[in-house]
Amino acid sequence: MKELAEILLTEEEIARRVQELGAEITRDYQGKELMVIGILKGALPFMADLIRQIKVPLRYDLMAVSSYGDSTRTSGAVQILKDLEMGLEGQHVLVVEDIIDTGLTLKYLLSNLQTRRPASLKVCTLLDKPSRREVEITPEYNGFVIPDRFVVGYGLDYAERFRELPMIGVLKPEVYTGK
Ligand code: IMP
C-alpha cells in the first residue's frame, strides 16, 4: 500500500488474534446466548470476522454514533446516529469496537446501554491506545495494545478512506498534508 509509511499489523496477524479472541469469548460464554453490538463504521470488518470465530449462539445488532469535537480529539458528547433494533433487557451483551483511544465514546455508550438493563455488558476492542486514555475503561477483550499513533485499515479510516485495507498501518505524513 503506497500510502502507508509502516505496517503495524498484517492480515495474518489480525486473523490469528481474531481467532484467539473468538476462542476466549466462546469459553467465557459457554451455555449462554450472546448479543453482539457492533459500533459502525469502524468495527464492521472486525465484527464480521469475530462472529464467525465465536462458537456459541448469538444475535448481532449495529449502532452508529458520532462524537463531537475536532478531528484529533473527541469531546465526550456523543450522538446516536443509528440505534439498535433489538432490546437488551436480560441479554448478555458484548460491544465490539475498533479502537479505544481517549475512551470517551465508549464511556458514554456503556452508560447508555446499561440503562437498557442487560444481564451482562462487556467490551471487545481490536485495538487499544491506553496511553491516550482520559476516562477509566478497561475492555474485557483486547486484540492489540498499540502505541499512540494514528492508524488506518481494517475498518479504521482517515477522512473515510482506507477502511478497506486488510492490514493496519500508519499513514505517510504527505497523505495528511496533501503534498
Ligand atoms: P475515543 O472516544 O477517543 O476513545 O475515540 C474512539 C474513536 O475514535 C474510534 O472508534 C475511532 O473511530 C476513532 N479513532 C481513534 N483513534 C483512531 C486511529 O488511530 N485511527 C482511526 N480512528 C481512530
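One-based numbering along the sequence shown. First listed ligand is number 1; within each ligand, the first listed atom is number 1. Values in this document were obtained by computation on a predicted structure and should not be read as measured data.
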**Report entry** Numbered atoms of ligand 1 (with element) below 4.0 Å of E97, judged on heavy atoms
**Finding:** 10 (O)
Query - Within-shell test, L156 vs ligand 1, heavy atom, strictly < 4.0 Å - result: yes
Query raised in the report: In terms of atom number and element, which parts of ligand 1 are under 4.0 angstrom from non-hydrogen atoms of R149?
Result: 19 (O)
Query raised in the report: Given that the side chain starts at C-beta and the backbone is N, CA, C, O, which of these parts of D157 lies under 4.0 Å from ligand 1, counting heavy atoms, or is it both or neither?
Result: backbone
Which pairs of donor and acceptor atoms, one on a side chain in residues 41-51, lie under 3.5 Å apart (sequence neighbours left out)?
residue : atom : partner : partner atom : Å
K41     : NZ   : E160    : OE1          : 3.1
D49     : OD1  : R52     : NH2          : 3.0
D49     : OD2  : Y154    : OH           : 2.6

Report task. Consider every N or O of G103 and every N or O of ligand 1, then say whether any pair is closer than 3.5 Å. Result -> yes
Query - Option set V151, V78, I99, criterion heavy-atom distance to atom 23 (C) of ligand 1, minimum - result: I99
Report summary line: For D98, the atoms of ligand 1 under 4.0 Å from one of its heavy atoms are 9 (C), 10 (O), 11 (C), 12 (O)
Query raised in the report: Is the closest heavy atom of K129 to ligand 1 under 4.0 Å?
Result: yes
**Report entry** Partners meeting side chain to side chain contact (heavy atoms under 4.5 Å, CB included) with E11 (sequence neighbours left out)
**Finding:** P166
Query raised in the report: Which pair of non-hydrogen atoms, one from D148 and one from S131, has the smallest distance, and what is that distance?
Result: CB-OG, 3.6 Å
Query raised in the report: Can E24 and R27 be counted as an ion pair, charged N to O under 4.0 angstrom?
Result: no
Query raised in the report: Using 4.0 Å as the upper bound for N to carboxylate O, is an ion pair formed by R149 and E6?
Result: yes
**Report entry** Worked check of side chain to side chain donor-acceptor pair (under 3.5 Å) between R59 and Q91
**Finding:** CA-CA 10 Å; R59 290 178 295 163; Q91 304 291 317; 2.8 Å; yes
